Amino acid sequence: MSDKDPSLRRNAPRLALHVPEPPFRPGDTPDFSALKVPAAGVAPRPDTNVAAAETHALTTDLVRVLGDDNKAIGPWDPKLDPETLRKMLRDMVTVRIFDDRMYRAQRQGKTSFYMKCTGEEAIAVAAQTALDREDMHFPTYRQQGLLVARGYPLTDMMCQIYSNKGDKLKGRQLPIMYSDKAHGFFSISGNLATQFPQAVGWAMAAAIKGDSRIAMGWVGDGATAEGDFHSAMTFAAVYNAPVILAVVNNQWAISSFSGIAGAERATFAQRAVGYGIAGMRVDGNDALAVYAAVKWAAERARSNQGPTLIEFFTYRAEGHSTSDDPSGYRPTNEAKSWPLGDPIERLKAHLLAIGEWDEERHAGMTAECDAAVRAAQKESEKLGILPEQGKDDIGSMFDDVYAEVPWHLNEQREEALDEGRD
Ligand SMILES: Cc1ncc(C[n+]2csc(CCOP(=O)(O)OP(=O)(O)O)c2C)c(N)n1
Ligand SMILES: [Mg+2]
């Protein structure tokens with residue numbers, strides 16, 4: 001450094017940046033004892049028509065319903081009938097089995113890519129159970145539970161994953177990037193967070209049209225660092241849009257831990273405070289808490305009280321995708337040490353605790369889900385698996401894009417078809 005360097009002439013501390021590092025790396029023993037986990041039943045439940053600021057204490061709290069005794073407790077207990085609880089459990093088990101089979105299908109070379117949601121099944125399944133059939137989701141790639149809970153055919157999901165002849169999207173989307181308007185499931189985009197402002201825009205349009213349906217937008221903890229997250233929050237706040245904005249904080253964004261997106265400074269739910277909208281933080285592995293929070297936010301949106309930001313606190317129990325190997329960046333036993341447990345085990349334990357379930361029924365139900373997934377796989381594989389998809393239909397890539405195909409694209413189609421024939 002030269003004498004002319006101004007920093008040498010200043011008697012001031014040297015500036016430095018903080019680069020967040022995850023607390024545990026491979027080889028470390030994960031220790032979550034510093035994590036504050038409030039007891040179930042303690043968080044207050046404000047009326048759905050309160051001023052947004054009255055919810056803000058919930059943004060640093062954790063709404064939990066299932067207690068250590070596996071019973072439901074406190075004002076957030078949604079008091080669901082056993083039939084609904086069993087349906088949620090079945091859907092969550094189906095999602096897990098589906099994920100396992102599709103993961104294996106990828107490893108067997110039947111498709112190029114898959115993403116599991118292991119450990120996060122309660123979030124999508126319970127959220128959908130709390131909403132109406134007609135409400136519109138703007139999901140990420142980790143909410144397959146929404147489709148399962150809405151009764152979307154498993155075969156159709158698999159055909160999309162295999163990009164085969166039964167794929168309604170004709171192989172134009174990456175595997176698992178489903179789209180189905182009739183099932184209120186907006187096309188998944190690989191560009192993170194784009195769906196967040198779209199959810200708000202759809203909700204605003206619903207209000208402008210005098211509709212009664214609401215929208216739910218989904219984003220991961222990592223993707224909250226995108227500008228789109230903030231645009232969505234601004235529009236939702238300004239226009240009091242009838243939308244539920246969900247942040248699924250599974251603590252990882254591929255190999256980046258949530259601190260890189262700001263989690264060391266504030267909870268993701270606390271971002272609601274700065275925008276003046278309602279917000280809360282919820283135990284994402286507690287299906288009853290997820291259901292109750294979404295029901296609350298839906299009632300608020302439907303009665304024109306405005307948007308709600310909900311952070312679902314969870315843990316991504318497996319790799320980001322089939323292209324990822326988490327053992328390179330976090331301890332392999334971290335998921336097992338995670339104190340909020342497994343969402344399926346917790347809901348099952350609740351049903352057992354209230355005398356509405358037994359091990360035999362659970363085994364029977366699991367076998368039924370397994371059979372349904374296997375049957376769907378067999379059915380979809382009859383229509384092809386990814387490596388079998390040839391160039392036979394190459395001309396179709398120009399279909400469904402223009403009402404009238406421009407002449408130069410017609411020319412290109414002919415050329416492509418000629419090449420394909422060579
Ligand atoms: C705009 C954009 N940036 C980066 C990526 C690459 N990418 C895909 S998924 C992902 C991690 C997202 O993490 P998070 O939002 O926490 O969601 P999660 O995968 O944990 O569900 C990244 C960085 C992308 N698809 N789009
Ligand atoms: Mg994440």
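Remember, it's 1-based here, ligands and their atoms both numbered in the order they're listed. All figures in this text were calculated on a predicted structure; none of them were measured in a lab.
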Can Glu226 be said to touch ligand 1, with heavy atoms closer than 4.0 Å?
-> yes
Aromatic centroids of Phe185 and His137 separated by under 6.0 Å = no
Considering only the protein, which heavy-atom contact is closest to atom 17 (O) of ligand 1, and what is its distance?
-> Tyr141 OH, 3.3 Å
If you measure from each non-hydrogen atom of His320 to ligand 1, which part falls under 4.0 Å: side chain, backbone, both or neither?
-> side chain
Give the name of the N/O/S atom in Asp221 that lies closest to the Mg ion (ligand 2).
-> OD1
Is the centre of the Tyr329 ring less than 6.0 Å from the centre of the Trp252 ring?
-> yes
Check whether any heavy atom of Thr140 sits under 4.0 Å from an atom of ligand 1.
-> no
Pairing of Glu120 and Arg316 as salt bridge, 4.0 angstrom limit = no
Mark yes or no for whether Thr55, through its side chain, and Gly279, through its backbone, hold a donor-acceptor pair below 3.5 Å.
-> yes
Between Trp252 and ligand 1, find which residue part has any heavy-atom pair under 4.0 Å and reply side chain, backbone, both or neither.
-> backbone
Location of contacts on Asn250 toward ligand 1, heavy atoms closer than 4.0 Å | side chain
Less than 4.0 Å between a side-chain N and a carboxylate O, is that true for Asp99 and Lys116?
-> no
Pi-cation contact, Phe229 with Arg271 (under 6.0 Å, within 45°) | yes
Mind checking whether the Mg ion (ligand 2) has an N, O or S of Gly222 under 2.8 Å?
-> no
Give a yes or no on whether a salt bridge exists between Arg281 and Asp61, defined as a side-chain N under 4.0 angstrom from a carboxylate O.
-> no
Answer yes if the ring centres of Trp218 and Phe138 are under 6.0 angstrom apart, and no otherwise.
-> no
For atom 22 (C) of ligand 1, grab the closest protein heavy atom and report residue, atom and distance to one decimal in Å.
-> Leu192 CD1, 3.4 Å
What protein heavy atom sits nearest atom 11 (C) of ligand 1, and how far away is it?
-> Ile254 CG1, 3.6 Å
For atom 14 (P) of ligand 1, closest protein heavy-atom neighbour | Gly222 N, 3.5 Å
Kindly state whether the ring of Trp76 and the ring of Tyr291 have centres lying under 6.0 angstrom apart.
-> no
Considering the heavy atoms of Arg142, write down every atom of ligand 1 situated less than 4.0 Å from one of them.
-> 18 (P), 19 (O), 21 (O)
Quick one: nearest non-hydrogen protein atom to atom 15 (O) of ligand 1, plus distance?
-> Ala223 N, 2.9 Å
Nearest to atom 25 (N) of ligand 1, what protein heavy atom do you find, and at what distance?
-> Gly190 O, 2.6 Å
Look only at the side chain of Asp221 and the backbone of Asn250, and say whether a donor-acceptor pair between them is shorter than 3.5 Å.
-> yes
So, Asn249 and the Mg ion (ligand 2): N/O/S under 2.8 Å, yes or no?
-> no
